[in-house]
Amino acid sequence: MIMQPCSQNILACMRSALIFITFLPFYGFTNEVERISVTAQAQDDLAVSHNSVKQQTLQLLRPVHISEALASQPGVWISRGNGQEHLTAIRSPVLTGAGACGAFLVSEDGIPIRASGFCNANQLFELNSEQAQAIEVFKGPGSSWFGANAQHGIINLVSRPIPQSFEAQTSLETGPNQYRRGSFALGNEHAIAYGNVADDGGYQQSSGYSQYKLNLASQGQLGNWQWLGRLAMTKLDQQTAGYVSGLDAYRDETLRRQNPNPEAYRNAEAIRMSSRFTLALDEDRQWQITPYLRWQQMDFLQHYVPWQAQEQNGQRSLGLQAQYSHAAGALNWLAGVDLELTDGDLQEYQAQPFSPAIPAGLHYDYHVIATTLSPFININWHLAKNWRLIAGLRYDKQQYDYRNHLPDGDACAEDIANCRFVRPTSQTVSYPQWSPSVALQYQWAPGHQWYTRASRGYRAPQATELFRLQNGQRLAELDSEQLSSLESGVKGNWQGISYNLDLYWMDKRQVIFQDTERQNVSNGHTRHRGLELTLQGEIGQSWYWQGSASLARHTYHNQLKLAKDNIRGNHMDTAPSQQFSAILGWQTDSGNKLELQWQHMGSYYLDPQNSASYPGHSLLHLRAQYALNQRWQLGMRLQNLTNRDYAERADIGFGQYRYFIGLPRSLYLSVSANWSS
């Protein structure tokens with residue numbers, strides 16, 4: 001299809017041109033090579049709540065799972081499942097359901113790693129977060145910047161930069177349950193390659209995984225254009241342990257090790273490629289054009305439902321980000337457009353019959369062509385000496401062209417009532433949306449800032465919510481979720497103590513969920529408000545400390561058909577009202593470091609009726625690194641120092657208490673080496 005003449009197929013021509021431009025930097029068509037510096041707006045100038053985990057911290061943490069890297073960020077909870085699985089919460093409960101993951105945008109260098117409408121709850125494992133330059137978290141709506149899915153927050157990975165001279169690194173790690181990981185990085189001023197391979201035998205029976213990640217980057221110049229090309233590849237082969245069921249099962253030494261679903265698995269692969277072309281017209285004006293390609297494939301067993309169907313899904317995307325910026329005088333502005341074309345598919349198959357309403361065979365087999373058009377504009381206006389107005393507006397037009405490859409209607413025999421699986425008729429649906437934001441920032445003293453911000457975030461219904469229906473529902477007439485947010489905060493540095501305090505209030509309407517009749521509907525209404533605080537400072541020349549706190553309340557604001565009882569005003573389930581973290585560390589100029597972290601998870605309800613709860617837990621972690629010399633370094637991490645019994649996440653499903661088990665005391669050792677010139 002790619003090689004068809006343009007005169008016969010305009011779409012094929014566009015595809016060919018975009019693929020050629022995306023791959024161009026990797027062909028080596030360069031003139032004089034120079035280091036590219038991509039300068040973004042300083043985070044201290046942003047009127048938004050944000051946190052960042054830098055490379056130095058990641059090297060000390062050496063996270064086995066990305067939840068460890070973000071554990072100290074207020075308002076954020078990456079709840080670890082088995083292996084590399086997880087669910088995300090940012091100023092929200094842990095959201096579950098077919099398309100709930102659409103509430104969070106995950107990006108790499110500003111490019112979403114998945115197409116809007118095709119989110120995956122476990123999508124963070126597609127990032128090489130272990131070797132990132134930084135992991136940024138922007139909390140609250142960001143749809144005026146990124147469009148769909150930037151509703152509750154954004155997690156953006158900043159890729160490792162190309163070094164200024166020769167650089168080589170390698171490391172080996174070992175830990176409990178046959179865990180081992182090796183990583184490398186090799187680069188010079190022209191290009192860099194880095195990656196890692198991890199293998200884990202698993203704490204529970206039949207719960208190990210193997211994971212592979214590789215990143216490549218190169219840079220150079222084409223005429224007056226500078227370019228930076230990146231390629232990211234990941235592969236996960238995982239045996240999956242399901243929930244351990246029964247009240248307080250996570251405390252039972254025998255149950256903790258069991259795997260009720262030894263047959264479960266998850267295999268996933270992803271490839272992403274992008275090329276960022278930058279043309280500086282002068283000191284104040286700049287063009288930036290970024291074509292990109294994405295490919296993902298996933299195959300897994302749905303161990304979380306009793307009939308255990310097998311799902312295969314995949315997507316192929318190509319897109320283009322184009323923007324023009326003008327930075328001069330009091331008014332700076334940026335305008336552009338994002339374009340994206342996605343080809344996605346899903347098949348669900350069940351090998352054995354479970355009941356007449358849950359038959360064997362293909363439940364779903366469909367194909368979706370999705371397009372997105374998103375023009376936007378952002379301004380940064382210095383109103384007066386200490387006042388700044390920051391505003392943004394984006395329009396999104398998202399369209400799904402859905403084609404069903406199976407007979408329309410029920411997957412069951414004609415005489416079976418309440419068939420679990422329903423295939424909608426082929427159709428085309430679209431979702432237009434405006435996303436505004438406006439913020440006011442005031443520097444009330446040197447090094448101290450106050451801001452207030454109003455914004456709206458949204459997410460369109462995901463493909464699985466529209467086209468994978470159940471229990472007689474022939475058409476999902478869903479609206480886009482809308483989240484209106486007001487927030488205000490202060491940040492600065494007072495006598496060596498850095499502080500950041502944020503208050504937020506969010507009202508979320510047209511919430512999409514599956515009701516008690518298994519119908520996908522969008523008439524939910526929830527509210528979210530909270531306080532987030534981070535503090536950090538030093539004690540003398542060698543000691544440092546930091547702390548974070550999150551106090552939140554997430555509630556149902558109307559009567560949803562999630563339960564027979566009236567749940568209006570109830571706390572949302574899996575939504576802790578308190579999260580705390582405190583770190584005390586010691587370091588030397590030679591690179592030696594010792595760090596103790598206290599991490600507290602507050603209690604939370606397990607169901608909408610608020611009839612059952614998890615009591616919460618507190619954990620201690622100890623980390624150290626020791627420099628043998630300028631090249632060699634040893635590392636040690638002791639997770640769950642006090643050997644506390646705890647659950648990574650708890651809930652109630654199919655009438656049972658269910659837990660993902662937290663690991664007992666675990667010791668990890670590493671050795672690493674660095675060469676540079």
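The first residue in the sequence is number 1, and the count goes up from there. Both backbone and side-chain heavy atoms feed into the values below; hydrogens, waters and symmetry mates do not. Source: prediction; values computed, not measured.
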The test is side chain to side chain donor-acceptor pair (under 3.5 Å); show your working for Asp109 and Ser159 and say whether it passes. CA-CA 6 Å; Asp109 302 313; Ser159 296; 2.6 Å; yes
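- Looking at Asn149 and Ser116, their side chains never bring a donor and an acceptor atom within 3.5 Å of each other.
- Using a distance-only test at 3.5 Å, with no hydrogens or angles considered, a donor-acceptor pair links the side chain of Gln519 to the main chain of Asn471.
- The closest side-chain heavy-atom distance from Arg453 to Tyr504 is not below 4.5 Å.
- For the residue pair Glu136 and Asn156, a side-chain donor N or O sits within less than 3.5 Å of a side-chain acceptor on the partner.
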Salt bridge (charged side-chain N to carboxylate O under 4.0 Å, His left out) between Arg114 and Glu126: does it pass, once the steps are laid out? CA-CA 10 Å; Arg114 282 181 167 258; Glu126 296 178 0; 2.8 Å; yes
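- Side-chain rings of Tyr250 and Tyr614 approach one another, their centers coming within less than 6.0 Å.
- Applying the ring pair (Phe, Tyr, Trp, His ring centres under 6.0 Å) criterion to Tyr668, with sequence neighbours excluded, gives Tyr179.
- For the pair Asn261 (side chain) and Glu263 (backbone), a donor-acceptor distance under 3.5 Å is absent.
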Using the salt bridge (charged side-chain N to carboxylate O under 4.0 Å, His left out) rule, take Asp502 and Lys139 through it: C-alpha gap first, then chi angles, then the decisive distance, then the call. CA-CA 10 Å; Asp502 299 292; Lys139 291 169 286 187; 5.1 Å; no
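- Using modelled atom types, no side-chain atom of Glu648 and backbone atom of Ile661 make a donor-acceptor pair closer than 3.5 Å.
- A donor-acceptor pair is defined here as one N or O able to donate and one able to accept, closer than 3.5 Å; such a pair exists between the side chain of Asn558 and the backbone of His525.
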Run Arg468 and Glu311 through salt bridge (charged side-chain N to carboxylate O under 4.0 Å, His left out) and show every step you take. CA-CA 12 Å; Arg468 189 160 63 175; Glu311 180 180 328; 2.8 Å; yes
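- Note on ring orientation: taking the six-membered ring where Trp is involved, the planes of Phe138 and His50 are tilted (angle from 30° to 60°).
- With hydrogens and angles ignored, the 3.5 Å screen pairs no side-chain donor or acceptor of Gln73 with any backbone N or O of Leu70.
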Using the rule given for side chain to side chain donor-acceptor pair (under 3.5 Å), can you reason through Ser581 versus Gln597, listing the C-alpha separation, both sets of side-chain angles and the distance that settles it, and then say yes or no? CA-CA 7 Å; Ser581 175; Gln597 179 183 15; 3.1 Å; yes
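- Taking 4.5 Å as the limit, every side-chain heavy atom of Val244 sits out of range of all side-chain heavy atoms of Asp252.
- Side-chain N or O atoms of Asn196 include none that pairs as donor or acceptor with a backbone N or O of Arg181 at under 3.5 Å.
- Listed by chain and number, the residues in a ring pair (Phe, Tyr, Trp, His ring centres under 6.0 Å) with Tyr304 amount to none (sequence neighbours excluded).
- Looking at Asp573 and Tyr556, their side chains do bring a donor and an acceptor atom within 3.5 Å of each other.
- Under the 4.5 Å side-chain criterion, counting only non-hydrogen atoms from C-beta, Ser92 is not in contact with Met506.
- Although no hydrogens or angles enter the test, the distance criterion places no donor-acceptor pair under 3.5 Å between the side chain of Asn520 and the main chain of Gln514.
- A donor-acceptor pair shorter than 3.5 Å cannot be found between the side chains of Gln84 and Gln238.
- A heavy-atom distance below 4.5 Å is found between the side chains of Lys508 and His152.
- Without hydrogens or angle criteria, Ser603 side chain to Gly616 main chain gives no donor-acceptor distance under 3.5 Å.
- Arg459 places no side-chain N or O within donor-acceptor distance of the main-chain N or O of Ala148, the cut-off being under 3.5 Å.
- Side-chain contact between Val521 and Phe513 is present, with at least one heavy-atom pair separated by less than 4.5 Å.
- No side-chain heavy atom of Tyr243 sits less than 4.5 Å from a side-chain heavy atom of Tyr659.
- Between the side chains of Ser485 and Arg91, not a single donor N or O lies within less than 3.5 Å of an accepting N or O.
- For the residue pair Arg529/Thr555, the side-chain donor-acceptor check at 3.5 Å is satisfied.
- The closest side-chain donor-acceptor pair between His621 and Gln599 falls under 3.5 angstrom.
- Here His554 and Tyr605 keep their ring centres 6.0 angstrom or further from each other.
- With hydrogens and angles left out, the side-chain atoms of Ser435 and Trp145 include no donor and acceptor closer than 3.5 Å.
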